[in-house]
Structures are given as C-alpha cells and as structure tokens.
Number of protein chains: 2
Amino acid sequence: MESAIDTHLKCARTLSRRVPDEYETPFPMFVAGADESLSQVVMAYLGVQYADSPERPAALTALRQIDSSFEVPDGPVSHDMTDHVDNQDHHNLVVVGYWADPAACRRWLHSDAVNGWWSSDERLNEGLGYFREIVAPRVDQYETLYAFTEDFPGVGGLMGKTSGEISEHRYWGSMRDRIPLSQTDWMEPSNHIVVVSGDPGAGGRVVVRGHDNIALIRSGQDWRTTGDEERSLYLVEILPSLEAGMDFLRDNGETLGCYSNRFVRSIDIDGNPLDESYNIGHWRSLAQLERWAESHPTHLRIFVTFFNVVEGLEKLRLYHEVSVSDAIPP
Amino acid sequence: MESAIDTHLKCARTLSRRVPDEYETPFPMFVAGADESLSQVVMAYLGVQYADSPERPAALTALRQIDSSFEVPDGPVSHDMTDHVDNQDHHNLVVVGYWADPAACRRWLHSDAVNGWWSSDERLNEGLGYFREIVAPRVDQYETLYAFTEDFPGVGGLMGKTSGEISEHRYWGSMRDRIPLSQTDWMEPSNHIVVVSGDPGAGGRVVVRGHDNIALIRSGQDWRTTGDEERSLYLVEILPSLEAGMDFLRDNGETLGCYSNRFVRSIDIDGNPLDESYNIGHWRSLAQLERWAESHPTHLRIFVTFFNVVEGLEKLRLYHEVSVSDAIPP
C-alpha cells in the first residue's frame, strides 16, 4: 500500500491526514502519477451552445472547428467531446482539451488562428453561444482516483504513470487527503466570482474571473467495453441514482456551494453518443463538495451503490479527478 | 460558536481537526462540560441474564439488589436500568452506574457489601447469569453530543454544565474531533481482548481484560415527553431504520470491529418499560466505529433520517456519548 501523494510531492505536514499511517483499505484503488517535470496542467472546457435541433449542424461545425484548431502548434496533449442539455433546455457541445504545459496553452490561446476565430465578430452573429472555462491546477492541487489501471481519461491521461494500491480511499476526507496541497493548506475559497467585462444580461462577450480554490470535479463512467452483465449493472443499478444526484445538484446546487453541475455524454466528432459519460461540477470550495458528498441522500445512494459493486468490476471503468486552482489561469 | 473541547482540555495539537477553525454548522448541537476538578469517570454496566419468563422475577430481584447496593457509601452519582433480549434469546436486565471519581468506584466495588454479594457462591447457583462491564475514560477520552441542553442522561449527567453551540458536528470525523485526546493521539487499539481467568465455555466466573482504546458508544432516544406528532415521528420515521442498523451490528458486527451491540429499553425498578432507549456498542477501535457509521447503508439511513428531523425537534431527545479508555480500569 502506498500514499496517493507521490514521493516528490510530499512535504512536512502542518495538517494531518484524517487517518493514521497504518490505515488499510478493504479493496484496491489507484491514482495517476507523473514525472517531476510535470508542474501544472490546464483543462480548457470549450463549449458551443444552441437552442434546438435545427441549429445542431451549425453547432457541430463549430465543434469541429475547435477540434481542428487543436492541430495548431501548442495544442492540447489530449481532448474529448461531450453533449448535454442543460436545465434551461439549451443544448451544449463541449470539447475539453488537456495541456501538460500552461505556457503552451497560453501560446495556443493567443495564436492568430485560435484567438482570431474566438474573437471574430462572426461568433456573435451565428445564432450560437460559446463559452470557455479554463482552469490550471498545479500538480499539488489535484488528485485522481481509478478503479482501473490503464488508459486514464482526462487529466490522468497527461500523467503517464499508474500508482500501486493507494492508502487514501474509502473514507470521507480521502479526496482531500489525496491532494498534495492538503498537507499544509485548507484550500479555502477567496473572494467571489466577478464579472470582469461585459454584461451577462445583455449577451455578447462576457469575461468572468473565478476565485482561488474553486473546486472542479470530473467523475466518469465508461461502459464501452462492458459485457451484458456489467452494462446492465451500470445502466440499471448505478445510472438511475447517479442521474438523480446529478440532476439534484444541477437544479438545487446553488445553496450548497455548487456553481454548476453538468452530467455530459461523450460523443464522437460527428456528434454520435459513445458509451461514456462524466459529470463536471464546479464548487465554491472543496469543503462544500465534501459536505454534499458525505451527507446528501442523493450522493449517499450513489456512494453505497458504488461500494456494493466496485470489487466486482471488470470492464466498467469508474473514476474521478478533483482539483482546486488559482483564480487567474496562466 | 465554540469548540466542543473545553478550554482547560485544549493543548498544542500534533493532529489537526478535519475542518478549519472557520467551519460553521447549519444547526446547533451541544455538549456537556465539567469543572476542571473532574478528571476521570466510571461507567459500570452491571447485568443480570435469564433464559425465559419464569426466571424474570428472580432476575428483577437481583437487579433491585444491585440497585440497592448503590446506597452503600461511594455508590454511583447516577444510574439507570434497561431491558433487552439478545440474539441468543437471553433476556438481560442491566443497571448502569456512573461515577465521577474512580477511587470512589474502586472503594465501592471492594466494599464488603458489594464484593461479598458479587463473589458469593450463591451467584453461581441461582439459574441466572451476571456480568459487569466497567470502563473508566479520562475526561480527555470521551465526548458527548446533544440536540438539547438540559437534564443530560448517562455520562453527561455527571458533568454539570452545558456548552454553547459547538463547531464540531455535522461532518464525518466530528466525533473524533470532539474527543480532546484527538488533538495529539490517534487512539488506536493495542493488543486484543484476553480471558484473564476462568473458561467462557465452561461457565462460572470469567474475567476478561480489554485493551487500550476500545470505543464505547451510547446513543440514546428519549420520547417520554413528546406530543403525538413527535412520538409518531420517532416511532414511525426513525425507529425502524434505527432498529435495522442496530440489529445488523448485533448480528454481523464482528467482521467490522464491533465486539458487541445492544439496543436496550429503559425500565423502572419494577421492570416496566419507559419511553426511553439507547444503544450500547463496544468497538475494537474508534476508527472502525467511524468507518461503519460513515459508510454502511444501515447507518447512513439513520443518519439521513436524523438530519431530516433534527432541526424540528422539540421534546424528542436524541444524543450520544462516545469514549475510549485504557485497558485496566481503576
């Protein structure tokens, strides 16, 4: 059993783990690891929004445009695409790109090709909505958790290594304990979200600045290679409670500290659904995410179901990644 | 908002709380407090066991004998009596005495009247079983938690004071954080339970020695003064999930670290049931109690139900007290 905190990210603690060094877990879970050269990553959620089916072809064209812009030098190491309908009945296509080098992402964003397309007046007059949500956690600001050991999605895909069986899981607080910064820092939120420019009510371009230690969780499900039994386990046993919890947060999360919650379906470049999905949740603080996860009936149902099945999983891939990050991305 | 750890029990931490100093709770809960003169308490569970109804009168006579022995000098400050049927269908009458002074308890136990009765050969030949379970936590080794502020039962009744609204509740780990010793000590179990003398298989007198940091939880319900609505809330909404959880632990607790779990009904001196009950659970470690409480479906149901109703409680009194203690009582 090893610590989820990689050796080179260990430091003298001023805050203790919730459990002692001798803590043992009843079943194995794993995290992604990286070389010391990796210091900070970028996750850029780039979205296209449309009102109804007639606009879908145009939205898919925009999605493909963003996808092809990743071929520009300094594009992301990896990316994936998703589709979801939000609680205002807007359709959303999102491509999320992952960079292992914030400077490269900065160069990519400011390249003529990319910046030119995003800042063009055409974007304001197509009958589509666009958004970019970019966070850049340092390696001491995020954690991952997998019930499997290869081909990690999301930020884990940048990292290149797989841990052995880790100690910090199967107790509330283990998410925090897996984040290296928790050794010395409570990761509390500073200030509030601020509209830096533009007017959300009026439409057009709006820039929103986050605050320090917004927590972002991506929790995923991949049933692409499951057999009939596991597919049914996921679709019949797990999915209904998962949907109930995610819908609850989407519609009622605000009072709990959840800024936004989107349960999205992975798609291919043509917009066809894949047997893969994930939730993207933004929270005012890691602590508020913890409180919801550990006490809300909708999440406790998900949690109980997960632990009932996790030891028997073969092809069904369940995972999550959680980060906090500084207000100003690179 | 104040800390559950009283000022004179605070010390320089080597282990941190699970939540930062700024943590705020959504509703008030309270703990018992005591003068600095209180350094250690004793809880003595003194039991009479019988096989079936015909033996009940004799068992009640024995219970009354124990009760009257409390009048001997150095008897307990307070006590209460309970009745339960265990999972081997034995009937159990238990009187629990609370002392604020271990030396007084020791003198009481060794007094001719008390020691003479317990060590008499008559006890071996009455067709009844007897047991004594005695723990003596120091004040830094236990915590209490109440949704009310007066007439505390159990160990809280020894203490004399009521806190203001405390900070350490409504998160997993708060039980540990309320125990003063958690500031510097993981409270891990040492060794194992040992039969010191006698042979449990053969019957007769058996002495069992515990180990350091056995955790004892008493969690109670008192619906004596409730109106119809709250009584129904307790009996219909709360009790079924509580019984399911307590029965689960009674019958299956061993693999989880639960040595013994007894959900008992309070009785008067004549054995008549009162509208009051509590659970007595002995655990190999506080950590194992925590893991069960925070992850087992049967307890999560109790937990969710409790938090659904706690803010509206008027006369229904719900509480718990949790201690660890050293292997050898005074």
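Residue numbers begin at 1 in each chain, while the letters A, B, ... track the order of the sequences.
Put simply, the side chain of B:Leu316 reaches to within 4.5 Å of the side chain of B:Ile238, judged on heavy atoms. With contacts defined as side-chain heavy-atom distances shorter than 4.5 Å, the pair B:Leu300/A:Val304 qualifies. No side-chain heavy atom of A:Leu318 sits less than 4.5 Å from a side-chain heavy atom of A:Val310. A:Val324 is not listed as a side-chain neighbour of A:Pro137, based on a closest heavy-atom distance of 4.5 Å or more.
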I'd like a table of the N/O donor-acceptor pairs between chain B and chain A - cut-off under 3.5 Å, distance only.
unit_1, atom_1, unit_2, atom_2, d
B:Ser16, N, A:Ser16, OG, 2.6
B:Ser16, OG, A:Ser16, N, 2.6
B:Ser16, OG, A:Ser16, OG, 2.9
B:Arg18, NH1, A:Glu294, OE1, 2.9
B:Arg18, NH1, A:Glu294, OE2, 3.2
B:Arg18, NH2, A:Glu290, OE2, 3.4
B:Arg18, NH2, A:Glu294, OE1, 2.8
B:Arg170, NH1, A:Ser295, OG, 3.1
B:Trp172, N, A:Glu294, OE2, 3.2
B:Trp172, NE1, A:Glu294, O, 2.8
B:Glu290, OE2, A:Arg18, NH2, 3.4
B:Glu294, O, A:Trp172, NE1, 2.7
B:Glu294, OE1, A:Arg18, NH1, 2.9
B:Glu294, OE1, A:Arg18, NH2, 2.8
B:Glu294, OE2, A:Arg18, NH1, 3.2
B:Glu294, OE2, A:Trp172, N, 3.2
B:Ser295, OG, A:Arg170, NH1, 3.1

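Interatomic distance, CD1 of B:Ile302 versus CG of B:Leu239, reported as 10.0 Å (0.5 Å rounding).
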Using the side chain to side chain contact (heavy atoms under 4.5 Å, CB included) rule, take B:Val322 and B:Leu145 through it: C-alpha gap first, then chi angles, then the decisive distance, then the call.
CA-CA 9 Å; B:Val322 177; B:Leu145 188 66; over 6 Å; no
